[in-house]
Amino acid sequence: MTKQIEEVARLILTSKRIVIFAGAGLSTESGIPDFRSPGGVWDRYDPEDFSFQNFLSSEASREKYWQMATEMYGPMKKAQPNLAHLAIAEMEGLGKLDCVITQNIDGLHFKAGNSEDKVIQLHGTAMVVSCLTCGKRYDRDEIQERLRKGLKAPYCDDCRGPLKPATISFGQSMPEKETQEAYHRSSLSDLFVVIGSSLVVQPAASMPLVAKRNGAKLVIINRDPTSYDDMADLVIHGQAGPIMESILKEVKKGLNNP
Ligand SMILES: [Zn+2]
């Protein structure tokens with residue numbers, strides 16, 4: 001693996017527009033349960049109950065939604081960035097990051113030190129709650145505190161519209177601005193690095209393809225094989241944290257001894 005790590009480091013050193021694509025694997029390495037796995041939240045709740053349409057349809061379904069959302073928020077709030085998050089944040093500091101496109105809603109890229117304008121959150125964020133009517137945004141903890149005090153479904157202070165975590169739910173369309181921006185950055189990148197994603201969820205899964213078609217080198221770092229492995233310039237199978245830490249070490253060596 002040493003050879004592959006050196007090779008990825010060399011690509012990072014020689015590239016100018018590096019886009020990182022971060023998947024759920026990064027969150028699970030920080031101890032955030034994969035809610036779709038056995039024993040996860042979806043074993044006890046029916047995902048259909050939590051569609052966007054359902055959320056809009058009744059007070060009872062909003063209460064149920066918030067009950068589940070509260071359960072999911074606990075481990076997310078406690079989670080700390082792992083070595084991969086930290087390496088990505090360090091890449092920004094070294095001027096080696098165009099942006100991170102992330103499917104994760106846990107805000108860990110920010111906890112690791114990435115700045116707002118470097119992270120494109122394709123599925124929104126669980127750290128913010130927004131009003132579905134007027135768009136007003138609230139800090140998640142502030143709303144959780146209202147729930148803790150007994151409120152079952154929160155409403156907007158300004159317009160009484162229903163409040164929902166600013167994440168993309170089943171049946172809710174992808175955020176237009178973020179999706180377009182992600183495609184745009186992918187097409188302009190000269191190095192596209194997938195970390196911790198098996199690239200099955202669309203439209204995100206087509207972004208490496210867009211990058212590759214426009215001339216980028218494609219690197220995939222994931223625990224399991226993906227259907228894009230064949231077209232990648234480099235594939236490393238394993239845990240993202242330790243791999244990214246080793247890559248960063250090589251990058252820094254290279255920067256110090258050009
Ligand atoms: Zn409102």
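Numbers here simply count residues along the sequence, with the first being 1. Just the heavy atoms: all of them, side chains too, but no hydrogens, waters or symmetry mates, feed the values below. Atoms within each ligand, like the ligands themselves, are counted from 1 in listed order.
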Query - Inter- and intrachain pairs under side-chain hydrogen bond (donor to acceptor under 3.5 Å, both in side chains), touching residues 208-218, at least two apart - result: K212-D233
Report task. Answer yes when D190 and K16 have at least one side-chain N-carboxylate O distance shorter than 4.0 Å, and no when they do not. Result -> no
Query raised in the report: Taking only residues at least two apart or on different chains, which pairs with a member in residues 61-70 satisfy side-chain hydrogen bond (donor to acceptor under 3.5 Å, both in side chains)?
Result: D49-K64, S58-S61, R62-Y155, T70-Q144
Query - Protein N, O or S atoms lying under 2.8 Å from the Zn ion (ligand 1), listed by chain and number - result: C131 SG, C134 SG, C156 SG, C159 SG
Query - Charged N-O contact under 4.0 Å between E142 and R146 - result: yes
Query - Qualifying residues under side chain to side chain contact (heavy atoms under 4.5 Å, CB included), relative to D141, sequence neighbours excluded - result: Y73, K77, D139
Query raised in the report: Side chains of Q80 and S30: is there a donor and an acceptor less than 3.5 Å apart?
Result: no
